[in-house]
Amino acid sequence: QVQLVESGGGLVQAGGSLRLSCAASGRTFSSYFMGWFRQAPGKEREFVAGISWSGSSTYYADSVKGRFTISRDNAKKMVILQMNSLKPEDTAVYYCAGRQLRVVSRHGSEYDYWGQGTQVTVSS
């Protein structure tokens with residue numbers, strides 16, 4: 001079992017930065033593929049970024065590529081999403097998710113564990 005808790009959301013002006021953190025509990029965290037998803041009001045949940053269990057491979061949605069960076073620290077059981085050059089369209093609730101299978105997935109239905117989410121609001 002893995003429990004995930006996100007933090008770091010807030011209100012920021014367009015062009016600004018935020019750093020989201022996901023703290024995990026559980027002995028098997030280091031073996032999980034981890035992802036960040038987001039859901040804006042009235043829209044479906046979408047994949048934002050993912051990182052392999054070792055941290056050697058990362059994956060991004062086209063909409064955030066070059067602006068967001070995902071990283072992990074298995075010793076600290078943390079996953080970080082650094083978000084730069086934020087745009088109003090990045091406004092959403094951001095969720096951290098864990099997948100037991102060690103392969104990339106961009107589909108939320110294929111993840112086993114979810115955090116409660118953290119709100120990110122970007123003003124224009």
If I take atom [atom1] from residue [X] and atom [atom2] from residue [Y], how far apart are they, to the nearest 0.5 angstrom?
X      : Y     : atom1 : atom2 : result
Ser63  : Glu46 : OG    : CD    : 5.0 Å
Met78  : Leu4  : CE    : CG    : 11.0 Å
Thr118 : Leu81 : OG1   : CG    : 11.0 Å
Ser123 : Leu11 : OG    : CG    : 5.0 Å

Checking the side chain of Arg106 only, and the main-chain atoms of Gly50 only, is there a donor and an acceptor separated by less than 3.5 Å? no
Quick one: does any side-chain atom of Gln116 pair with a main-chain N or O of Glu6 as donor and acceptor, under 3.5 Å? yes
Could I get the full list of salt bridge (Lys or Arg N to Asp or Glu O under 4.0 Å) partners for Arg67, not counting sequence neighbours? Asp90
Any residue meeting salt bridge (Lys or Arg N to Asp or Glu O under 4.0 Å) with Lys43, in chain and number order, not counting sequence neighbours: none
For [X] and [Y], work out which heavy atoms get closest and say how close.
X      : Y      : answer
Met34  : Cys22  : CE-SG, 4.5 Å
Ser124 : Pro88  : CB-CG, 3.8 Å
Leu18  : Val120 : CD1-CG1, 3.8 Å

Could you list all the ring-ring contact (aromatic ring centres under 6.0 Å, His included) pairs where at least one residue sits in residues 37-56, not counting sequence neighbours? Phe37-Phe47, Phe37-Tyr111, Phe37-Trp114
ring-ring contact (aromatic ring centres under 6.0 Å, His included) partners of residues 61-100, not counting sequence neighbours, each pair once: none
Would you mind listing every salt bridge (Lys or Arg N to Asp or Glu O under 4.0 Å) that reaches into residues 72-85, with sequence neighbours excluded? none
Filter on salt bridge (Lys or Arg N to Asp or Glu O under 4.0 Å), then keep only pairs touching residues 13-24, sequence neighbours left out; what's left? none
Using the disulfide (SG to SG under 2.5 Å) rule, collect all pairs that involve residues 25-79, keeping only residues at least two apart or in two chains. none
By side chain to side chain donor-acceptor pair (under 3.5 Å), which residues pair with Asn84, not counting sequence neighbours? Ser17, Gln82
Residues in side chain to side chain donor-acceptor pair (under 3.5 Å) contact with Gln39, at least two apart in sequence or another chain: none
Check ring-ring contact (aromatic ring centres under 6.0 Å, His included) between Phe33 and all other residues, then give those that pass, not counting sequence neighbours. Tyr59
Run the side-chain donor-acceptor check on residues 96-105: report pairs under 3.5 Å with partners two or more places apart or on a different chain.
residue : atom : partner : partner atom : Å
Arg99   : NE   : Glu110  : O            : 2.8
Arg99   : NH1  : Val103  : O            : 2.6
Gln100  : NE2  : Tyr32   : OH           : 3.4
Gln100  : NE2  : Tyr113  : OH           : 3.2
Arg102  : NE   : Ser31   : O            : 3.4
Ser105  : OG   : His107  : N            : 3.2
Ser105  : OG   : His107  : O            : 3.4
Ser105  : OG   : Glu110  : OE1          : 2.4

Looking at side-chain heavy atoms only, is the closest gap between [X] and [Y] below 4.5 Å?
X     : Y      : result
Thr91 : Gln119 : yes
Arg38 : Arg45  : no
Met83 : Val12  : no
Trp36 : Val79  : yes

With sequence neighbours left out, what residues match Ser71 under side chain to side chain contact (heavy atoms under 4.5 Å, CB included)? Ile80
